[in-house]
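Structure first, then comments.
Order of the sequence lines sets the chain letters (A, B, ...), proteins ahead of strands, with each chain counted from 1.
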Amino acid sequence: MKQGLLSALFIARKDLRTEFRTKEALNASVSFALVVLVLFSFAFDLGRDEFYDISGGLLWLVYVFAGALIVNRSFIREVPNDCLDVLIASPMPAWSLFLGKVIASFVLLMIVELVSLPVYGLLNNIHWVDSFWPHLGLMILATWGITITGVAFSAVTVNVRLRELMLPVLHYPMLIPLLIGAMQISTALLKGDGGDLSADLRLVVVFDAMFSALSLYLIEFILVG
Amino acid sequence: MDLNQTYFFYGYSAAWLIVLGFILILIRRGQQINSELQRLKALVEDKDK
Amino acid sequence: MRDKTIYTLGISGTLLLLYNLHTILMVLPDEAAQGTIGKMLLIHAPAAIAGMTLYFVAVAYSIMFLKTKNFAYDSAAVAVIEVAQVFTLINLVTGSIWGHIIWGIWWTWDARLTRQFMCFMLYLGYLLMRPALNEATQRATISAFVAIFAAADIPLVWLAIRVHDARTQHPGPVLETGTLDPAWRIPFLISWIAFMLIGSALAMVRVRQENARREIDSLRRELHAI
Amino acid sequence: MSAIAADGVWKYFGDYPALRGATLEAPPGACVALLGRNGAGKTTLLRILANLSRPSKGEVTVFGESARDEKVRAKIGYLGHGIGVYDDLSAYENLILFGQLMNVPDTKAAAEAALERVGLTRVRDGFAREFSRGMRQRLAVARAFLHNPEILLLDEPFTSLDDRAIAVLHELLRDALSKGATIVMSTHQIREAMELATQVALLERGKIVHSGPRTDEMLGDPGWLYRKYEEKPK
């Protein structure tokens, strides 16, 4: 168990190091998020108060689109030179390889989110500073859900033809409960009206717990044919 | 017939048509699969010799 | 033998459906509040229930495949999911037509409409992904994985929508609330049984095709090996 | 006890049996050359031995223990078709990573030693993507030998190597054999393999049809075994 967690950290560090060297996924994802943000301001010509009503929804749309670019790379990184074979043949269990990849994608997506949040606030005149800390908590929870399911599907689609197209087709419908919860909480936080968010929060947490358990348990079947 | 009944009729026909459409898809796919199977079987037999 | 079973199931299902159509059209009076269109219920709701039943049958097959690696379960799972998609589509289309008359709109983001639509989308991904995988064992394993994920997601979709179902226009589920007119119960049940019979026949045809497809994959490998 | 053994291994891809009850035993210190035509199942068998794929039926044991055991995998070195190193990591970083994953006690020393052995010490901080084809292959060889595996599984090791890499690999293999390691390798380069091999196994249509010590006949005439089995119809 301890060795497995350690191996997961090695994998995560390797993924992050190669990503920071090439910045392939990161650059694409950040610039994509920024383009979407600019497009939103054209698509929704709303007053300030009206914009607040949909602010959480738009924010999570940006995040989930950016996330697709990040998780897509996760297992594809191992395809050149057949590196995946070497990782699977090593003594670490399949779940720790998977967990390492999830951690790396999680960190990358969090970076993209933290970069786009101030830009989002700036462009749309949204106050995000006051609610930053609870919002960060929500981002951590929901981003975990996005990455763990996303990386699981990345593992699934790594051998599929047209994998770049297949991944969102499988991933987005699955994310809907998580996104509904996260969007509601975000909107409430940005607007600054508390209300009872426990049901939404529970939804996000249950999603995280359930899919973390399922994917860590089932990933062995996928990786070792 | 008023609109209410017309749409009732549409609804029931839609249900039947969807099932029928699926059956047609099944038949067409079945034919494709069969011809592919025959083609490959012939190829394998030829190559075996 | 298999042929006979398929025909028996299919024909008896169709006959039941025709008999039921007769009851619905000739015997049952119009619904008091909604008129004739209210009878849409007798095809709309059974289709939804049949679809849901089959989705959960499919996840059982998928789990069985992962446990046993027996391809019979994989074929059964994909067959059942495809048929379930057909029923969910019937449910969505009849619901939409019904809604056009009663609510005046084709579609509304009502709780249960959204749920059915989401189920449809979840399994559409499953069906789209399958042909993109060349190797049968991999295809079956990955499909089982996706099917289990999708099934695990359904209760969450349910929950998510329940949290925010302020806009629902749908009447409560007729079976749970017991508001179904006793005279309607039998035709309702018959519809469901007929759907399940026709569904089983179609699924059996689909299972055969899936088996044939695996044989094709196997022949391709053999050709490659010779 | 065999160092690595496959006992009645079947592997289905869908309905197609790529392996049909293959049984292979490699005693400790042996070098088994796994021969067979394309599509006979060599790669499939090696992947199963390396735990990259699960047998549908049958079992693989390593020193009597089930190969599914994670500790057992640390004893195995695998060199497949791909080189299995990351282009965006330096040679040294690559080896450190694999050393950590393989639970090598002193990763740094092991990485340095491995670089030394394949003659890449001077370019240890160069990225794998900047290397020439031959250097990349030597790095792959260093990676496979990094943890001094007791069992080496090599899938067509000589096929894509350049001359220098072949020489390096030969030397490493001989060295490993002298230290008592066990080697199973599939190959088309029969002449090269025969020099090292102590045992020869012929895989045909998913079955081991011949398995035994390498004889001098084979060394002199590499096609001998194939001809012997082509003559009698199965």
Side-chain angles (χ1 to χ4, degrees), chain A residues 1-27 73-101 103-104 108 155 158-159 218-225, chain D residues 11-14 18 43-44 46-56 67-90 93-94 96-104 107 127-129 131 136-137 139-140 143-144 146-147 149 151 153 155:
Chain A
M1 183 72 190
K2 194 174 152 245
Q3 190 61 42
L5 290 176
L6 203 61
S7 303
L9 289 180
F10 291 142
I11 295 290
R13 198 176 61 183
K14 185 272 296 174
D15 268 12
L16 288 173
R17 182 181 276 171
T18 49
E19 178 55 41
F20 287 132
R21 272 190 192 147
T22 59
K23 299 198 183 63
E24 284 168 354
L26 215 50
N27 283 345
R73 289 284 306 156
S74 184
F75 268 87
I76 294 178
R77 230 182 268 286
E78 308 292 335
V79 170
N81 302 346
D82 288 347
C83 289
L84 193 56
D85 278 356
V86 180
L87 296 183
I88 292 171
S90 79
M92 85 180 138
W95 63 261
S96 85
L97 165 60
F98 174 69
L99 188 63
K101 296 218 148 269
I103 292 171
L108 292 174
V158 73
N159 292 315
L218 289 176
I219 199 72
E220 175 104 19
F221 291 101
I222 298 297
L223 290 179
V224 189
Chain D
K11 179 70 187 178
Y12 286 97
F13 291 115
T43 299
T44 310
L46 275 169
R47 284 180 69 85
I48 286 177
L49 291 177
N51 231 318
L52 290 172
S53 160
R54 295 241 170 82
S56 309
R68 307 265 302 258
D69 195 325
E70 275 148 20
K71 271 171 274 162
V72 165
R73 287 190 231 163
K75 297 178 180 168
I76 297 178
Y78 171 77
L79 187 57
H81 293 267
I83 57 173
V85 292
Y86 294 98
D87 286 338
D88 293 314
L89 294 181
S90 74
E93 285 168 340
N94 261 306
I96 290 283
L97 172 69
F98 291 115
Q100 286 165 335
L101 294 180
M102 285 292 179
N103 306 330
V104 175
T107 341
F127 291 131
R129 97 177 98 82
F131 284 5
R136 286 156 67 88
Q137 288 158 346
L139 181 57
R143 196 261 306 147
L146 180 73
H147 53 299
I151 295 166
L153 303 171
D155 196 2

Region of D:Lys11 in contact with chain A, defined by heavy-atom distances below 4.5 Å: side chain
Residue, of A:Pro80, A:Ser96, A:Ser7, A:Pro91, that accumulates the most heavy atom pairs under 4.5 Å with chain D: A:Pro91
Nearest heavy-atom neighbours spanning D:Val85 and D:Ala128: CG2-CB, 4.4 Å
Pick from D:Asp87, D:Ile76, D:Asn51 with the largest number of heavy-atom pairs that fall under 4.5 Å of chain A: D:Asp87
Contact class of D:Ser90 relative to chain A, heavy atoms under 4.5 angstrom: backbone
D:Leu97 versus chain A, the contacting section by heavy-atom distance below 4.5 Å: side chain
Top of D:His81, D:Arg143, D:Gln100 for chain A proximity - count of heavy-atom pairs under 4.5 angstrom: D:Gln100
Charged N-O contact under 4.0 Å between D:Arg54 and A:Glu220: yes
N/O donor-acceptor pair under 3.5 Å between D:Asn94 side chain and D:Tyr86 backbone: yes
Proximal component of A:Thr22, with respect to chain D [non-hydrogen, under 4.5 Å]: side chain
Main-chain N/O of D:Tyr12 paired to D:Ser56 side chain as donor or acceptor, under 3.5 Å: yes
Charged N-O contact under 4.0 Å between A:Glu78 and A:Lys101: yes
Rounded distance [0.5 Å steps], CG in D:Leu153 versus CZ in D:Arg47: 12.0 Å
Heavy-atom pair count under 4.5 Å with chain A, highest-scoring of D:Lys71, D:Glu93, D:Lys75: D:Glu93
Interface moiety of A:Leu87 toward chain D, non-hydrogen atoms closer than 4.5 Å: side chain
Interatomic spacing from CZ in A:Arg21 to CG in A:Leu16 - rounded to 0.5 Å: 12.0 Å
